[in-house]
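Proteins come first, then strands; the chains are lettered A, B, ... in the order of their sequence lines, and each starts at number 1.
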Protein chains: 2
Amino acid sequence: MQLSPSLTQLIEALRCLPGIGPKSAQRIAFHLLERDRHGGTQLGQALTRAMAQIGHCQTCRTFCEAPQCDICLSVKRQDNRILCVVESPTDVLAIEQTGQYQGQYFVLMGHLSPLDGIGPKEIGLDVLEARLAERLFDEVILATNPTVEGETTAHFVAELCHKYHVTPSRIAHGMPVGGELDLVDGMTLKHAFSGRRAIARDQE
Amino acid sequence: MQLSPSLTQLIEALRCLPGIGPKSAQRIAFHLLERDRHGGTQLGQALTRAMAQIGHCQTCRTFCEAPQCDICLSVKRQDNRILCVVESPTDVLAIEQTGQYQGQYFVLMGHLSPLDGIGPKEIGLDVLEARLAERLFDEVILATNPTVEGETTAHFVAELCHKYHVTPSRIAHGMPVGGELDLVDGMTLKHAFSGRRAIARDQE
Ligand SMILES: [Zn+2]
Ligand SMILES: [Zn+2]
C-alpha cells in the first residue's frame, strides 16, 4: 500500500527528532493527523520560523534572534567583570536557573576536537580573545564539561586568559549533592578525592 | 533568563507531540538548532504541508491527498466485492502489510461513543450505508477493535449489513500467535475459549 506523498514525507522528516525511529515517526504522524492538526500546524510554523530566525549573539554566541542577547545587553552584568565560558546554550540555562551567577557568558558551541577538525576558531576563541584584549574581565570561570575534550578546552582557554592577565578559574568537580559514593563513576570519585578540603575544628 | 521568542514558541509547540514533556521539548529544540537545522526546516515544511493537504478519501475515508485513494481506485479491488471496516488508517496499513487481503476498506476514523457525542454520522455510517445500498459487496468484514466500543460499533454495522442483504463477518479474536496463556488478558482468554473449534481426527 502506498501512503500519500505528503504523509510519507512527514514520516521521513520526523526521523530528524532525536530517538525517533520509523515506527514512532509513523505513530506521531497519524496522531497529529487524527487528533491534533492544529498542534501540528503550529509546530510546523514554529520550526520553520525558529530554524530561519534564530542566530547567535554577536558577543557571547548563545542562541539569539537579535544581534545581542539580553544578558550581554545588561549593564549590571557588564559591571560584574566576570565571564563564564560554557560549551552550549543549555549550560547557560542550567547556570541561570541556579540564580547564583550574575556575570556574563561566552558560549563555545562545542569543544576543541582536532580529529573532527574543530580548532580554536571553530569554537569562537578568536572572538573570545578579542574580548579578553579589551580588559573587560577580572576573572574567567571555565565551566566546560568534565570530559577529556572539556578539560583540554578549559586548559587552552586558561592559557589565553594568562596572556591577557585575567585570572582563569575552573568550576569544582566532585560528588553530586545527594549522590551515593558507590554509584558514582570513577572519574568523579577521583575528582572528589583530589579536590578534598580540610575540615576546620568546630568553634567552641 | 528569557529565551528568545521563537525558541520559547518552538519549545511550547513541540509539546503537541505524544509523550513529549517540557524537558524533552527543550532538549529537542536545542538539538535541532545546534545539530540539525536542515532536518528541522524540512520537518517544519513537511508538517505545514501534511496538515494542510491531507484530507480523506471520499469513498473509504482513509487519509488521502487526492479525492480517492489508490485502493478505492483499483478495479481489481472493486471486483472482489468484499469490504473491510476498520477504526483507523493505521489498521488499513497493518492489514495491507499482511498481504492477505485484496478487498476494499471503510475507515470509521473512530468508533461509536454516545457519551462523547460520537454517533453513526460522526463515524461516516451514512456514507457506508450509501455504499451498501449500491449492492457493491457480498461480504463486510468487521475489523473494529476488540473493545467494548469496537464491539458495539461492529454490532451496529452488522445490523446495517443485514438491512441491505450483505453478509457481515467478524474477525476472530483469541490467543495471539506465540503468546503465553498466563500472560494474556482475561477478555482475550474469554474470546479464545468461546471461539474454540473442534479438532478433526488425523486422516489415516
Ligand atoms: Zn550574548
Ligand atoms: Zn479510499
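Of the listed residues (B:H38, B:Q9, B:E34), the one with the most heavy-atom contacts under 4.5 Å to chain A is B:E34. When B:T90, B:D36, B:L43, B:T48 are compared by the number of non-hydrogen pairs under 4.5 Å with chain A, B:L43 comes out ahead. Of the listed residues (B:A46, B:G44, B:S6), the greatest number of heavy-atom pairs within a distance under 4.5 Å of chain A belongs to B:S6. Per-residue heavy-atom pair counts under 4.5 Å with chain A were compared for B:R37, B:R49, B:R15, and the maximum is reached by B:R37. Ranking B:P18, B:G39, B:G99 against chain A, the residue ahead of the rest is B:P18, based on heavy-atom pairs under 4.5 Å. Put simply, of A:H31, A:Q42, A:Q45, the one with the most heavy-atom pairs under 4.5 Å next to chain B is A:H31.
For a residue to count as touching a neighbouring chain, one of its non-hydrogen atoms must lie under 4.5 Å from one of that chain's; by this rule B:Q53 touches chain A with the side chain only. The contact between A:Q26 and chain B is made entirely by side chain atoms (from C-beta outward), counting heavy-atom distances below 4.5 Å. No part of B:R35 comes within reach of chain A, as not one of its non-hydrogen atoms sits under 4.5 angstrom from that chain. Looking at A:E65, both its backbone and its side chain come within 4.5 Å of chain B, counting heavy atoms on both sides.
Shortest non-hydrogen contact noted between B:G40 and A:C16 is N-SG, 4.2 Å. Of all non-hydrogen atoms in B:L33 and A:A50, the two that sit nearest each other are CD2-O, 4.0 Å.
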- Task: Could you give me the CA-CA distance, side-chain angles and deciding distance for A:L3 and B:F63, then say whether side chain to side chain contact (heavy atoms under 4.5 Å, CB included) is met?
- Result: CA-CA 8 Å; A:L3 289 174; B:F63 289 134; over 6 Å; no

- Query: Would A:T41 and B:L47 satisfy side chain to side chain contact (heavy atoms under 4.5 Å, CB included), going step by step from the backbone distance to the final call?
  - Reply: CA-CA 6 Å; A:T41 304; B:L47 275 166; over 6 Å; no

- Task: Begin from the C-alpha positions of A:I54 and B:L10 and carry the test side chain to side chain contact (heavy atoms under 4.5 Å, CB included) through to its verdict.
- Result: CA-CA 11 Å; A:I54 296 175; B:L10 174 58; 5.7 Å; no

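Looking at residues two or more places apart in sequence or on another chain, you find a salt bridge (charged side-chain N to carboxylate O under 4.0 Å, His left out) between A:E151 and A:R170.
Here OG1 of B:T62 is found 9.0 Å from CG of A:L7. Values are rounded to the nearest 0.5 Å.
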